[in-house]
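We name chains A, B, ... by the order of the sequence lines, and we start the count at 1 in each one. If you're wondering where the values come from, they're calculated on a predicted model, not measured in any experiment.
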Amino acid sequence: MVYLTRKLEFSASHLYHNPALSAEENRRIFGKCNNPHGHGHNYTLEVTIAGEPDPVTGMVLDLKELKEILEREITQRMDHRFLNYEVAELKGQIPTCENVARVIWNLLEPKIPQGHLHRVRLYESSDLFADCYRNGSKGTV
Amino acid sequence: MMADILHIELGRRYHFAASHRLHSVKLTEEENRRIYGKCNNAYGHGHNYTVEVRLSGAVDPATGMISNVADLDAFVNEQVIEPFDHRSLQDEVSAFRVTVPTTENLCMEIFERLKAFPHAKLESVRVVETSNNSFEYAGD
(Lines give C-alpha, C1' and ligand atoms only; values in the text may rest on other atoms or scores of the structure.)
Protein backbone atom coordinates (compact mmCIF):
# COMPACT_ATOMS: atom_id res chain seq x y z
CA MET A 1 0.00 0.00 0.00
CA VAL A 2 1.23 3.46 -0.87
CA TYR A 3 -0.06 6.65 0.77
CA LEU A 4 -0.31 9.82 -1.30
CA THR A 5 -0.92 13.18 0.35
CA ARG A 6 -2.09 16.38 -1.26
CA LYS A 7 -2.18 19.68 0.61
CA LEU A 8 -4.40 22.68 0.08
CA GLU A 9 -5.03 25.91 1.91
CA PHE A 10 -8.19 27.90 2.34
CA SER A 11 -9.24 30.83 4.48
CA ALA A 12 -12.57 31.01 6.24
CA SER A 13 -14.31 32.57 9.19
CA HIS A 14 -16.37 30.90 11.89
CA LEU A 15 -17.71 31.27 15.40
CA TYR A 16 -18.66 28.81 18.13
CA HIS A 17 -22.13 29.22 19.56
CA ASN A 18 -24.62 26.61 20.72
CA PRO A 19 -28.15 28.11 20.88
CA ALA A 20 -29.17 25.38 23.36
CA LEU A 21 -26.77 26.87 25.93
CA SER A 22 -27.08 30.16 27.79
CA ALA A 23 -25.02 33.17 26.75
CA GLU A 24 -22.93 32.74 29.87
CA GLU A 25 -22.29 29.02 29.16
CA ASN A 26 -21.36 29.82 25.56
CA ARG A 27 -18.81 32.37 26.75
CA ARG A 28 -17.42 30.01 29.39
CA ILE A 29 -17.06 26.99 27.07
CA PHE A 30 -16.04 28.70 23.85
CA GLY A 31 -14.18 31.75 25.15
CA LYS A 32 -12.97 34.10 22.41
CA CYS A 33 -14.38 31.74 19.76
CA ASN A 34 -17.87 32.81 20.90
CA ASN A 35 -17.41 36.37 19.61
CA PRO A 36 -20.72 36.90 17.73
CA HIS A 37 -19.00 38.59 14.80
CA GLY A 38 -16.78 35.58 14.17
CA HIS A 39 -13.09 35.35 13.40
CA GLY A 40 -11.04 33.56 10.76
CA HIS A 41 -8.21 31.16 10.08
CA ASN A 42 -5.91 30.10 7.31
CA TYR A 43 -6.73 26.43 7.20
CA THR A 44 -4.37 23.82 5.80
CA LEU A 45 -5.89 20.57 4.65
CA GLU A 46 -3.87 17.40 4.02
CA VAL A 47 -5.72 14.64 2.22
CA THR A 48 -4.11 11.19 2.19
CA ILE A 49 -5.19 8.53 -0.33
CA ALA A 50 -4.12 4.91 0.12
CA GLY A 51 -3.83 2.42 -2.70
CA GLU A 52 -1.64 0.37 -5.00
CA PRO A 53 0.04 2.18 -7.89
CA ASP A 54 -1.62 1.42 -11.23
CA PRO A 55 0.77 -0.88 -13.15
CA VAL A 56 0.46 1.23 -16.32
CA THR A 57 0.59 4.80 -14.98
CA GLY A 58 2.50 4.15 -11.73
CA MET A 59 -0.04 6.30 -9.90
CA VAL A 60 -2.28 5.57 -6.92
CA LEU A 61 -4.51 8.39 -8.15
CA ASP A 62 -3.72 11.07 -10.71
CA LEU A 63 -2.82 14.15 -8.66
CA LYS A 64 -4.45 16.42 -11.26
CA GLU A 65 -7.70 14.59 -10.71
CA LEU A 66 -7.34 14.82 -6.92
CA LYS A 67 -6.56 18.53 -7.22
CA GLU A 68 -9.76 19.07 -9.22
CA ILE A 69 -11.84 17.11 -6.70
CA LEU A 70 -10.41 19.18 -3.84
CA GLU A 71 -11.01 22.42 -5.75
CA ARG A 72 -14.63 21.48 -6.49
CA GLU A 73 -15.58 19.93 -3.17
CA ILE A 74 -13.56 21.97 -0.67
CA THR A 75 -12.09 25.20 -2.05
CA GLN A 76 -15.26 26.30 -3.85
CA ARG A 77 -17.38 25.40 -0.85
CA MET A 78 -15.22 26.79 1.99
CA ASP A 79 -12.59 29.25 0.77
CA HIS A 80 -13.38 32.82 1.79
CA ARG A 81 -16.67 31.71 3.33
CA PHE A 82 -18.22 32.03 6.75
CA LEU A 83 -18.43 28.36 7.71
CA ASN A 84 -21.45 28.70 10.04
CA TYR A 85 -23.65 30.45 7.47
CA GLU A 86 -22.40 29.38 4.06
CA VAL A 87 -21.54 25.68 4.29
CA ALA A 88 -24.79 23.72 4.32
CA GLU A 89 -23.09 20.55 5.58
CA LEU A 90 -22.14 22.37 8.80
CA LYS A 91 -25.65 23.66 9.57
CA GLY A 92 -26.53 22.95 13.18
CA GLN A 93 -22.97 21.97 14.08
CA ILE A 94 -20.24 23.90 15.85
CA PRO A 95 -17.55 24.37 13.16
CA THR A 96 -14.67 23.08 15.28
CA CYS A 97 -11.66 21.50 13.66
CA GLU A 98 -13.11 18.06 14.50
CA ASN A 99 -16.46 18.77 12.86
CA VAL A 100 -15.01 20.50 9.78
CA ALA A 101 -12.60 17.59 9.29
CA ARG A 102 -15.52 15.15 9.48
CA VAL A 103 -17.57 17.17 6.96
CA ILE A 104 -14.55 17.23 4.63
CA TRP A 105 -14.19 13.44 5.02
CA ASN A 106 -17.86 12.90 4.17
CA LEU A 107 -17.62 15.19 1.13
CA LEU A 108 -14.48 13.58 -0.25
CA GLU A 109 -14.83 9.89 0.54
CA PRO A 110 -17.48 9.08 -2.12
CA LYS A 111 -15.64 11.17 -4.73
CA ILE A 112 -12.28 9.37 -4.70
CA PRO A 113 -12.21 7.34 -7.94
CA GLN A 114 -9.09 5.24 -7.29
CA GLY A 115 -7.53 4.08 -4.07
CA HIS A 116 -9.42 5.15 -0.97
CA LEU A 117 -9.44 8.06 1.44
CA HIS A 118 -7.12 7.17 4.32
CA ARG A 119 -6.80 10.35 6.35
CA VAL A 120 -8.04 13.91 6.42
CA ARG A 121 -5.88 16.22 8.52
CA LEU A 122 -7.18 19.76 8.94
CA TYR A 123 -4.97 22.41 10.54
CA GLU A 124 -6.78 25.43 11.95
CA SER A 125 -3.38 26.85 12.88
CA SER A 126 0.10 25.34 12.94
CA ASP A 127 -0.54 24.24 16.54
CA LEU A 128 -4.09 22.87 16.30
CA PHE A 129 -5.43 20.18 13.98
CA ALA A 130 -7.88 17.30 13.70
CA ASP A 131 -7.33 13.93 12.02
CA CYS A 132 -10.13 11.82 10.58
CA TYR A 133 -9.83 8.12 9.66
CA ARG A 134 -12.27 5.33 8.98
CA ASN A 135 -12.60 3.44 12.26
CA GLY A 136 -10.09 0.61 12.53
CA SER A 137 -8.01 1.69 9.53
CA LYS A 138 -5.70 4.19 11.19
CA GLY A 139 -2.69 1.87 11.06
CA THR A 140 0.73 3.40 11.31
CA VAL A 141 0.57 6.22 8.79
CA MET B 1 -24.03 11.40 9.77
CA MET B 2 -21.21 8.91 9.54
CA ALA B 3 -19.70 9.84 12.90
CA ASP B 4 -19.85 6.33 14.32
CA ILE B 5 -17.72 4.84 11.59
CA LEU B 6 -15.05 7.53 11.77
CA HIS B 7 -12.14 7.80 14.17
CA ILE B 8 -11.37 11.44 14.91
CA GLU B 9 -8.34 12.77 16.75
CA LEU B 10 -7.50 16.22 18.04
CA GLY B 11 -3.88 17.32 17.64
CA ARG B 12 -2.25 20.15 19.53
CA ARG B 13 1.35 21.39 19.48
CA TYR B 14 3.22 22.98 22.35
CA HIS B 15 6.66 24.52 22.55
CA PHE B 16 9.30 24.69 25.24
CA ALA B 17 13.04 25.34 25.40
CA ALA B 18 15.32 23.34 27.67
CA SER B 19 18.88 22.19 28.05
CA HIS B 20 20.13 18.65 28.47
CA ARG B 21 23.31 16.64 28.62
CA LEU B 22 23.45 13.05 27.44
CA HIS B 23 25.52 11.19 30.00
CA SER B 24 24.83 7.71 31.32
CA VAL B 25 25.99 6.72 34.80
CA LYS B 26 26.18 3.16 33.44
CA LEU B 27 29.03 4.11 31.09
CA THR B 28 32.61 5.27 31.62
CA GLU B 29 33.66 8.86 30.82
CA GLU B 30 35.34 7.61 27.66
CA GLU B 31 32.31 5.57 26.58
CA ASN B 32 30.02 8.54 27.24
CA ARG B 33 32.19 10.74 25.03
CA ARG B 34 32.36 8.12 22.32
CA ILE B 35 28.63 7.33 22.27
CA TYR B 36 27.11 10.75 22.86
CA GLY B 37 29.77 12.91 21.19
CA LYS B 38 28.98 16.63 21.43
CA CYS B 39 25.83 15.86 23.40
CA ASN B 40 28.05 14.73 26.27
CA ASN B 41 29.50 18.24 26.70
CA ALA B 42 29.73 18.69 30.48
CA TYR B 43 27.89 22.02 30.43
CA GLY B 44 24.99 20.73 28.38
CA HIS B 45 23.27 22.37 25.42
CA GLY B 46 19.67 23.24 24.54
CA HIS B 47 16.86 22.82 22.07
CA ASN B 48 13.56 24.39 21.17
CA TYR B 49 11.30 21.38 21.57
CA THR B 50 7.89 20.97 19.99
CA VAL B 51 5.49 18.50 21.61
CA GLU B 52 2.64 17.22 19.46
CA VAL B 53 -0.16 15.62 21.44
CA ARG B 54 -2.95 13.62 19.79
CA LEU B 55 -6.18 12.67 21.56
CA SER B 56 -9.17 10.59 20.54
CA GLY B 57 -12.70 10.32 21.82
CA ALA B 58 -16.29 11.02 20.94
CA VAL B 59 -17.02 14.47 19.54
CA ASP B 60 -19.50 16.04 21.95
CA PRO B 61 -22.43 17.23 19.80
CA ALA B 62 -23.05 20.19 22.12
CA THR B 63 -19.55 21.59 21.72
CA GLY B 64 -18.25 19.92 18.54
CA MET B 65 -15.15 18.97 20.51
CA ILE B 66 -13.30 15.82 21.59
CA SER B 67 -11.87 17.93 24.41
CA ASN B 68 -12.01 21.60 25.15
CA VAL B 69 -8.62 22.89 23.97
CA ALA B 70 -8.47 25.24 26.97
CA ASP B 71 -8.67 22.25 29.34
CA LEU B 72 -5.95 20.43 27.41
CA ASP B 73 -3.74 23.52 27.38
CA ALA B 74 -4.09 23.94 31.14
CA PHE B 75 -3.23 20.28 31.75
CA VAL B 76 -0.21 20.24 29.42
CA ASN B 77 1.05 23.52 30.84
CA GLU B 78 0.87 22.19 34.37
CA GLN B 79 2.30 18.73 33.61
CA VAL B 80 4.93 19.53 31.00
CA ILE B 81 5.51 23.15 30.03
CA GLU B 82 5.87 24.64 33.52
CA PRO B 83 8.23 21.92 34.82
CA PHE B 84 10.31 21.68 31.60
CA ASP B 85 10.43 25.12 29.97
CA HIS B 86 13.72 26.97 30.44
CA ARG B 87 15.01 24.18 32.66
CA SER B 88 17.98 21.87 32.62
CA LEU B 89 16.30 18.48 32.19
CA GLN B 90 18.81 16.29 34.05
CA ASP B 91 19.28 18.83 36.86
CA GLU B 92 15.71 19.99 37.39
CA VAL B 93 13.37 17.16 36.34
CA SER B 94 13.58 14.26 38.76
CA ALA B 95 12.75 11.68 36.07
CA PHE B 96 16.09 12.52 34.37
CA ARG B 97 18.39 12.48 37.40
CA VAL B 98 19.48 8.96 36.37
CA THR B 99 17.61 8.29 33.13
CA VAL B 100 19.44 9.92 30.21
CA PRO B 101 17.35 12.82 28.82
CA THR B 102 17.42 11.63 25.23
CA THR B 103 14.38 12.71 23.28
CA GLU B 104 13.23 9.07 23.22
CA ASN B 105 13.09 9.14 27.02
CA LEU B 106 11.64 12.65 27.04
CA CYS B 107 8.85 11.54 24.71
CA MET B 108 8.00 8.59 26.97
CA GLU B 109 8.10 10.74 30.12
CA ILE B 110 5.74 13.28 28.55
CA PHE B 111 3.39 10.46 27.50
CA GLU B 112 3.35 9.11 31.07
CA ARG B 113 2.58 12.59 32.41
CA LEU B 114 -0.24 13.24 29.94
CA LYS B 115 -1.97 9.86 29.83
CA ALA B 116 -4.02 10.78 32.91
CA PHE B 117 -5.75 13.60 30.99
CA PRO B 118 -9.35 13.09 32.10
CA HIS B 119 -11.32 14.31 29.07
CA ALA B 120 -10.03 12.15 26.18
CA LYS B 121 -7.76 9.22 25.38
CA LEU B 122 -4.12 10.07 24.78
CA GLU B 123 -3.18 8.46 21.46
CA SER B 124 0.37 9.60 20.98
CA VAL B 125 3.08 12.09 21.88
CA ARG B 126 5.56 13.24 19.25
CA VAL B 127 8.53 15.35 20.29
CA VAL B 128 10.43 17.34 17.68
CA GLU B 129 13.94 18.05 18.96
CA THR B 130 15.23 19.85 15.88
CA SER B 131 13.80 20.25 12.42
CA ASN B 132 15.69 17.05 11.53
CA ASN B 133 14.84 14.82 14.52
CA SER B 134 11.51 13.75 15.94
CA PHE B 135 10.33 10.92 18.17
CA GLU B 136 6.89 9.47 18.73
CA TYR B 137 5.50 7.24 21.46
CA ALA B 138 2.01 5.76 21.67
CA GLY B 139 2.28 4.04 25.04
CA ASP B 140 3.48 0.64 23.89
Side-chain angles (χ1 to χ4, degrees), chain A residues 14-22 25-34 44 46 83-84 89-110 117-141, chain B residues 1-17 48-77 80-81 85 110 114 119-128 131 134-140:
Chain A
H14 70 176
L15 72 93
Y16 295 174
H17 182 84
N18 182 341
L21 302 174
S22 70
E25 283 172 314
N26 270 291
R27 273 194 300 275
R28 182 177 55 77
I29 294 169
F30 299 126
K32 281 187 194 173
C33 300
N34 186 232
T44 300
E46 291 176 2
L83 298 178
N84 300 65
E89 292 79 5
L90 280 163
K91 275 276 153 60
Q93 299 185 55
I94 315 287
T96 55
C97 226
E98 294 95 315
N99 276 339
V100 179
R102 176 163 60 200
V103 162
I104 289 173
W105 177 286
N106 289 337
L107 287 167
L108 292 180
E109 201 203 17
L117 186 57
H118 174 69
R119 187 183 83 176
V120 162
R121 172 171 283 191
L122 180 67
Y123 287 91
E124 186 178 285
S125 72
S126 56
D127 289 334
L128 184 67
F129 61 89
D131 285 338
C132 198
Y133 302 86
R134 180 170 287 277
N135 234 336
S137 76
K138 184 178 142 191
T140 52
V141 174
Chain B
M1 188 64 61
M2 296 163 76
D4 54 333
I5 65 158
L6 298 181
H7 172 87
I8 301 181
E9 296 185 359
L10 175 69
R12 182 78 162 144
R13 290 179 183 158
Y14 300 90
H15 306 273
F16 70 89
N48 296 323
Y49 292 94
T50 296
V51 179
E52 182 181 298
V53 175
R54 284 193 285 106
L55 301 168
S56 67
V59 177
D60 181 343
T63 63
M65 297 170 177
I66 290 173
S67 160
N68 196 309
V69 173
D71 293 338
L72 178 63
D73 288 353
F75 189 76
V76 176
N77 274 320
V80 176
I81 306 304
D85 188 34
I110 293 172
L114 297 183
H119 305 300
K121 177 178 183 265
L122 179 63
E123 288 281 339
S124 137
V125 168
R126 190 165 81 93
V127 179
V128 182
S131 55
S134 69
F135 302 84
E136 186 162 352
Y137 182 63
D140 46 22

field: Heavy-atom pairs under 4.5 Å with chain B, option from A/S126, A/S137, A/C97, A/G31 with the top count
entry: A/S126

Which of A/N26, A/T96, A/N18 touches chain B most, by non-hydrogen pairs under 4.5 Å: A/T96

- prompt: Where the side chain of A/E98 meets the backbone of B/I66, is there a donor-acceptor pair that is under 3.5 Å apart?
  reply: yes

Measure [X] against the heavy atoms of chain A and call it side chain, backbone, both or neither at under 4.5 Å.
X      : value
B/E123 : side chain
B/V53  : neither
B/S124 : neither

State the [atom1]-[atom2] distance between [X] and [Y], to the nearest 0.5 angstrom.
X      : Y      : atom1 : atom2 : result
B/R54  : A/R121 : CZ    : CZ    : 6.0 Å
A/R102 : B/L6   : CZ    : CG    : 7.5 Å
A/E124 : B/R12  : CD    : CZ    : 8.5 Å
B/L10  : A/F129 : CG    : CZ    : 8.0 Å

query: Would you say A/Y16 and B/T63 make side-chain contact, with heavy atoms under 4.5 Å?
result: no

message: Counting C-beta onward and ignoring hydrogens, is there a side-chain heavy-atom pair between B/M65 and A/I94 closer than 4.5 Å?
response: no

query: Are more than 12 heavy atoms from other residues, nucleotides or ligands located less than 6.0 Å from atom NZ of A/K32?
result: no

